J.: 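Attaching a single structure in structure tokens format; questions to follow.
Please read all numbers here as calculations on a predicted model, not as lab measurements. When reading the values below, keep in mind they use all heavy atoms of this one structure, side chains included, and skip hydrogens, waters and symmetry mates. Numbers restart at 1 for each chain; the letters A, B, ... are given by sequence-line order, proteins then strands.
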Amino acid sequence: MALTGLFLCTFLVGHLAGNLQLLISDPTHAAESFNAYAQFMTTNPLVKILSYVTYFSILFHAIDGIMLVMANRAARPQRYAHERASTSSVWASRNMGILGTAMLAFIIIHMSDFWFEMHFEMKPTFKLDNGKEVKDLYLEVVEAFHSFPYMLLYVLCMIPIGFHLYHGFQSAFRTLGLIHENLTLLVKRVGVIFSIVVPMAFAIIPLYVYHFIPSAEEIQKSESYKAKSTLIEVEND
Amino acid sequence: MNLKLKIWRQEGQNDQGRMVDYQANNVSDDMSFLEMLDVLNEELIEKGDDPIAFDHDCREGICGMCSLFINGEAHGPVKGVTTCQLHMRSFKDGETIFIEPWRAKAFPVVKDLAVNRSAFDRIIQSGGYVSVNTSGNTLDANAIAIPKPNADKAFDAATCIGCGACVATCKNASATLFLSAKVSQLALLPQGQVERKERVTKMLHQMDEEGFGACTNTGACFVQCPKGISLENIARLNSEFRNALLS
Amino acid sequence: MSKLNAQSPAGPLEQKWSNHKGHIRLVSPANKMRIDVIVVGTGLAGASAAASLAEMGYNVKAFAFQDSPRRAHSIAAQGGINAAKNYMNDGDSVYRLFYDTIKGGDYRSREANVYRLAEVSTSIIDQCVAQGVPFARDYGGLLDNRSFGGVQVSRTFYAKGQTGQQLLLGAYSAISRQIAKGKVTMHSRHEMVDLVVVDGKARGIIARNMVTGEVERHGAHAVVLCTGGYGNVFFLSTNAMGSNVTAAWKAHKRGAFMSNPCYTQIHPTCIPVSGHHQSKLTLMSESLRNDGRIWVPKKKEDAEAIRAGKLKPTQLKEEDRDYYLERRYPAFGNLVPRDIASRAAKERCDAGFGVNKTGEAVYLDFASAMERYGKTQANLKGLKNPSKEEILALGKIVVEKQYGNLFDMYKQITADNPYETPMMIYPAVHYTMGGLWVDYNLMTTVPGCFAAGEANFSDHGANRLGASALMQGLADGYFVLPYTIGEYLADDIRTPKIDTNHPAFETAEKEVKDRISFFLNNKGTKTVDHYHRLLGKLMWDYCGMARSKEGLDYAIAEIRKLRDDFYQNVRVPGKADRYNPELDKAGRVADFLELGELMCIDALNRNESCGGHFREEFQTAEGEALRDDENYAYVAAWEFQGDPGKAVLHKEELNYDFVKMQQRSYK
């Protein structure tokens with residue numbers, strides 16, 4: 001759990017770095033940057049390997065987690081009639097299974113929305129500066145985030161991620177047996193900051209896009225964007 | 001003061017248990033929690049009822065025998081003390097008090113509030129010692145100097161009284177804190193070095209065998225430990241295990 | 001006298017043990033494998049003996065009434081363990097430890113045994129360190145020592161205030177290792193309820209499985225009793241709730257002589273009784289007397305006002321306080337030995353100067369210490385004209401560092417803050433020097449039945465020095481008994497496995513079962529604790545810190561009445577074949593009711609005052625203990641004859657060949 005967990009933390013950082021490009025205010029620039037990044041991420045063989053490691057980690061982390069929760073529940077077949085767990089541990093640490101399940105659900109929605117659509121559905125393309133014509137993922141994201149319910153879901157889902165990280169980050173270090181006294185304190189602090197900053201940053205993006213970036217349709221209407229964008233006719237049926 | 005007690009009653013390991021209501025009247029502030037139960041038991045006996053069984057012995061917080069889960073917490077609401085050191089002045093008149101046994105698959109109920117903690121003994125038997133014969137013909141006690149910080153940390157870990165509050169309070173009923181205390185004590189001392197790798201592996205294996213859960217680092221064990229055994233020991237246990245695995 | 005042969009080896013003192021050890025008969029490894037030994041009790045003596053015997057090759061069956069060997073009451077010892085290591089280079093030696101122990105015991109112990117104890121003490125420390133016992137160390141990484149109990153050297157090894165715990169866990173780890181190897185079979189939650197003697201030899205025990213209620217027969221070639229002391233005869237003591245005399249008493253009834261049962265150690269610094277509900281007493285470490293000053297009000301009306309809650313101790317002026325130890329013993333002051341400090345407290349309280357609700361408490365005051373430390377600190381910090389509050393605040397920090405955990409414990413129990421108001425203390429029963437009579441080989445008068453640790457009488461005479469109980473338990477268990485038992489077992493190598501179908505086992509088992517069914521079917525009305533409490537009160541009042549012929553005669557008659565009442569009116573609930581703590585308790589209290597009488601008889605017989613035994617008729621003009629070496633320099637060993645009242649006295653004369661008997665003085 002600890003190893004996969006920490007690996008997934010690094011994945012989050014990478015993911016966030018990519019997403020932060022969505023904060024570029026000029027849609028054409030943002031699209032250029034974001035789509036180039038997406039192009040790189042989907043074609044680079046090294047990244048490809050890394051992405052499979054990530055899928056595996058998520059899968060392993062989830063299955064191992066479910067098994068752990070089940071085994072640990074079995075260790076106490078008879079529950080207490082009255083328990084005041086909150087006096088001795090924080091809520092997140094006791095509910096990693098629930099938090100994890102919420103995250104898994106989110107990941108599935110998230111994947112089907114962006115990753116799946118990007119890989120398998122026909123969409124507008126974008127001509128990068130280097131001349132390559134790629135699927136316009138930027139436009140896709142903007143469109144999605146302009147849907148209020150979706151934006152809200154995305155933002156709210158960052159809450160369980162934050163709590164999961166709040167406990168998981170430092171827990172992983174203890175499980176790995178890193179015990180230097182000063183380090184323990186450092187890990188604790190870094191863990192808290194990490195668990196607040198990363199989900200917040202993720203949450204800011206949809207909020208920003210929703211409020212400050214024009215809708216996908218408007219973007220497509222702009223002159224500068226038109227030059228790069230190609231609309232593939234989607235048949236109406 | 002007068003109190004309403006809700007106490008777990010269970011005839012034996014294989015019987016069904018249930019919570020039963022009792023009334024404790026004229027409880028004095030100076031009484032210890034166990035003395036309050038003593039008085040209740042005397043009343044029960046005089047009435048011809050079956051007294052409530054609970055484990056206790058030294059009543060000064062060191063033998064580790066007493067083991068009550070009081071109002072949702074191991075050893076009750078006061079931190080850093082065992083049940084026998086808990087006094088009734090920590091409760092309010094008219095309060096309802098839940099009293100339950102330690103609950104864990106590895107700690108089956110013997111009767112009422114008394115549980116069988118021999119799983120702890122078996123964990124120690126699996127490797128929680130230094131294999132030295134008792135001839136007395138060992139090195140002179142001062143032959144190896146031990147840095148004071150290590151000796152102090154080893155002592156702190158060794159103060160574990162084996163009461164099982166860590167297991168009782170852990171949501172996973174894990175014995176990791178108990179185990180880590182012994183592993184740490186011996187890992188920090190030169191005498192424990194020879195069997196270091198074997199010890200941690202065997203003891204962890206035994207813990208799993210006994211049906212304890214795994215550690216998820218909630219830290220509740222440390223908060224409820226009457227001796228304040230540090231979580232650093234769990235980190236050390238994990239590092240010992242990692243080193244044993246990698247070599 | 002005829003029946004008692006101490007088997008003390010001849011020769012110079014310092015060669016006795018090595019000569020003896022060199023000539024003890026051996027049992028070959030092949031034969032050891034065929035020999036079973038039962039060890040009852042797994043405290044310091046029991047666990048160490050079981051581990052050592054198993055290591056040597058014997059098959060050991062160990063028994064404990066607790067759920068684990070780690071819970072024996074040895075665990076509660078706070079202060080430390082003595083050993084003549086002379087690491088501090090302050091002139092300590094085996095002889096000096098021997099001498100201090102003899103003198104501390106008020107010249108009522110056996111020289112050869114005590115010398116051996118001092119001799120093997122050094123090995124204990126080596127052994128424990130090798131086992132990973134984390135003793136306190138100095139900054140150089142070497143073992144630290146502290147001084148203790150009025151001796152003039154620092155020879156006490158310690159692990160904070162938890163030395164007993166650390167040593168017991170060391171012995172526990174040794175026995176755990178043998179359990180894992182299968183050489184020790186551990187029977188926890190089992191209580192020995194009888195000794196089985198076959199053809200004059202101890203051949204096994206009857207034990208009750210306290211969980212299932214089953215009455216079991218266990219045979220062995222020898223039985224070792226390490227069952228601790230009997231302080232709980234007083235109901236209130238610093239002993240654990242389960243500590244009992246049953247195993248030793250059953251052995252006594254089967255022929256083992258009981259020695260000096262009246263020698264009881266009463267510890268001066270315990271937290272006073274708070275009410276009728278009190279179940280046990282808590283010791284506050286003796287180390288507190290290093291800095292605390294003990295006092296009561298000088299005027300009776302002040303004491304009365306304090307008891308009534310109208311006056312606070314802090315309001316009393318210095319000249320209205322009676323620092324009675326400093327007044328009576330200017331040389332040693334608050335640091336007089338335990339027996340003297342205890343008696344002095346009782347004397348003041350009996351005279352009406354006690355300071356708590358019950359009138360049975362004295363003050364242990366740290367105000368002077370805080371002021372003294374505070375002034376030093378103020379000087380060190382260069383404070384000019386510090387206020388009294390500033391000084392006290394600085395002093396408090398120093399006191400907190402030294403005794404913080406004890407102060408916290410006191411506060412937890414009493415809800416008083418000892419930094420602001422003086423602590424209240426009162427003496428409490430703590431240790432029993434008496435026990436089963438054993439010879440130099442630690443064998444009782446029943447061949448094949450041995451006794452070690454607090455259960456035997458051998459090493460502490462009439463008073464035990466601080467930090468010596470742990471030393472004796474481990475010395476007996478690790479380094480004495482495993483060797484001396486060979487002398488007996490060497491004759492037993494041809495004895496096959498003990499047949500537990502022998503009529504002696506049958507009879508013993510039947511007696512046990514009858515006793516159990518008697519208790520469960522007795523349609524009484526009173527609880528076991530009711531009787532225990534009454535017995536304890538009698539013992540405390542008449543066979544406690546001060547005894548008199550009149551009081552003892554009265555107590556004996558009362559105890560006999562109480563015993564009859566007990567058998568008629570006790571109510572024991574529950575079933576025989578279930579976990580039934582009340583039933584276990586009933587058996588124990590029944591034995592205490594017999595032992596109590598024998599203690600009084602022994603106290604009555606000893607027409608002198610020595611160590612923990614103080615007869616009011618035998619004191620000097622200043623109220624000090626008056627020994628009678630001419631007539632009482634012997635060990636009183638009592639033989640059971642069907643009733644404690646009919647016990648027959650045997651005497652083992654104590655010959656002091658190497659030490660001269662002197663009167664103790666702490667003036």
J.: Answer with side chain, backbone, both or neither: which region of B:Leu237 has an atom nearer than 4.5 Å to a non-hydrogen atom of chain A?
T.: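 Answer is neither: B:Leu237 stays 4.5 Å or more from chain A.
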J.: Rounded to the nearest 0.5 Å, what's the gap from NZ on B:Lys171 to OG on A:Ser88? Could you check?
T.: 12.5 Å
J.: Working to the nearest 0.5 angstrom, can you tell me the gap between B:Thr216 OG1 and A:His167 NE2?
T.: 5.5 Å
J.: Checking side chain to side chain contact (heavy atoms under 4.5 Å, CB included) for the pair A:Thr87/B:Val223: CA distance, chi angles, key distance, verdict?
T.: CA-CA 8 Å; A:Thr87 53; B:Val223 177; over 6 Å; no
J.: Can you name the closest pair of heavy atoms from A:Ala75 and B:Gly213 and give their distance?
T.: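 In this case the closest contact between A:Ala75 and B:Gly213 is CB-N, 3.4 Å.
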J.: What part of B:Ala168 gets closer than 4.5 Å to chain A, counting heavy atoms only: side chain, backbone, both or neither?
T.: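 Backbone plus side chain of B:Ala168, per the 4.5 Å heavy-atom cut-off to chain A.
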J.: With a 4.5 angstrom heavy-atom cut-off, is it the side chain or the backbone of B:Phe98 that approaches chain A, or both, or neither?
T.: side chain
J.: Going by the rule salt bridge (Lys or Arg N to Asp or Glu O under 4.0 Å), which residues pair with A:Arg174 if we only count those two or more places apart in sequence or in a different chain?
T.: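 If we apply the salt bridge (Lys or Arg N to Asp or Glu O under 4.0 Å) test to A:Arg174, skipping adjacent residues, there are no hits.
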J.: What residue pairs, at least two apart or across chains, pass ring-ring contact (aromatic ring centres under 6.0 Å, His included) with a residue in residues 156-189 of chain B?
T.: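 As it turns out, the ring-ring contact (aromatic ring centres under 6.0 Å, His included) pairs with a partner in residues 156-189 of chain B, which skip direct neighbours, are B:Phe120-B:Phe178.
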J.: Please classify the contact of B:Pro77 with chain A as side chain, backbone, both or neither, using a heavy-atom distance under 4.5 Å.
T.: neither
J.: Restricting to non-hydrogen atoms, name the atom on B:Pro101 and the atom on A:Tyr80 that form the minimum distance, rounded to 0.1 Å.
T.: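 So the two residues come closest at O-CE2, 3.4 Å.
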J.: Sort B:Asn71 into side chain, backbone, both or neither according to what part of it lies under 4.5 angstrom from a heavy atom of chain A.
T.: both
J.: Is there a donor-acceptor pair closer than 3.5 Å between any side-chain N or O of A:Arg76 and the backbone N or O of B:Cys170?
T.: yes
J.: So, taking the atom named CD in A:Glu83 and the one named CD in B:Glu73, what distance separates them when rounded to the nearest 0.5 Å?
T.: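 With rounding to 0.5 Å, CD (A:Glu83) is 10.0 Å from CD (B:Glu73).
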J.: Kindly compute the distance separating OG1 (B:Thr96) from NE2 (A:His82), expressed to the nearest 0.5 Å.
T.: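 NE2 of A:His82 is found 9.5 Å from OG1 of B:Thr96.
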J.: For atom NZ of B:Lys197, is the number of surrounding heavy atoms from other residues, nucleotides or ligands below 6.0 Å larger than 12?
T.: no
J.: Based on non-hydrogen pairs under 4.5 Å, which of A:Val69, A:Thr175, A:Leu68 is most in contact with chain B?
T.: A:Thr175
J.: For chain A, which candidate among B:Glu100, B:Lys6, B:Arg242 shows the most heavy-atom pairs at distances under 4.5 Å?
T.: B:Glu100
J.: For A:Phe163, does the CZ atom sit with more than 12 other heavy atoms under 6.0 Å from it, leaving out its own atoms?
T.: no
J.: Donor-acceptor check, side chain of A:Asn72 to backbone of B:Ala214, threshold 3.5 angstrom: yes or no?
T.: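 Checked: pair present.
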J.: Using only atom types and a distance under 3.5 Å, with no angle test, would you say the side chain of B:Arg103 pairs donor to acceptor with the backbone of A:Arg79?
T.: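 Flag set: sc B:Arg103 to bb A:Arg79 pair under 3.5 Å.
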